[in-house]
Amino acid sequence: QTTGFTLDGMGYMPVTDDKRLELIGTAGLAWTKADLTLAVVGVGSDSADQSELGFRVGGGAQYAITDQISARGLVRYQTADFDNIADHAWTYSLGVNYSF
């Protein structure tokens, strides 16, 4: 089980002349608390219960379907160091945004 908080800055770069397609870059910090157990048959198990502050970096793209609705995909890499159980994490997200 993991829980955490993240704070990211995002930058947008238009790709098309009509600015409907944008590339996105992200960078930020992540605080993560983990209670992890890794068990391998015939080898044994290891566990960790700790928290840490790390960095996140990522990128993706966003496409404006209308003036208010856009679709976005992002991939982010996050550092982690939980007693040789996990040393990083990848986050993948797809979403639809509505702008007021």
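When a residue number appears, it is its place in the shown sequence, counting from 1.
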Distance-only criterion, 3.5 Å: show the donor-acceptor pairs between side-chain atoms of residues 57-67 and protein atoms not counting sequence neighbours.
unit_1, atom_1, unit_2, atom_2, d
Gln62, OE1, Arg72, NE, 2.9
Gln62, OE1, Arg72, NH2, 2.8
Gln62, OE1, Asn97, ND2, 3.2
Gln62, NE2, Glu22, OE1, 3.0
Thr66, OG1, Gln68, N, 3.2
Thr66, OG1, Ile69, N, 3.0

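The salt bridge (Lys or Arg N to Asp or Glu O under 4.0 Å) analysis of residues 91-100, with sequence neighbours excluded, yields no pairs. Legend: salt bridge (Lys or Arg N to Asp or Glu O under 4.0 Å) pairs involving residues 4-15, not counting sequence neighbours, sorted by first then second residue: Asp8-Arg56, Asp8-Arg76.
Criterion: ILVMFWY side-chain heavy atoms under 4.5 Å apart, direct or through other members. Under it, Phe5 and Leu53 are part of a common hydrophobic cluster. One hydrophobic cluster holds both Tyr77 and Val75 under the rule that ILVMFWY side chains link at heavy-atom gaps under 4.5 Å.
For Asp17, there are no side chain to side chain donor-acceptor pair (under 3.5 Å) partners two or more places apart in sequence or in a different chain. Under the ring-ring contact (aromatic ring centres under 6.0 Å, His included) criterion, Tyr12 pairs with no residue at all, not counting sequence neighbours. Listed by chain and number, the residues in a ring-ring contact (aromatic ring centres under 6.0 Å, His included) with Tyr92 amount to none (sequence neighbours excluded).
Residues Gly73 and Leu94 come closest through the heavy atom pair CA-CD2, 3.8 Å.
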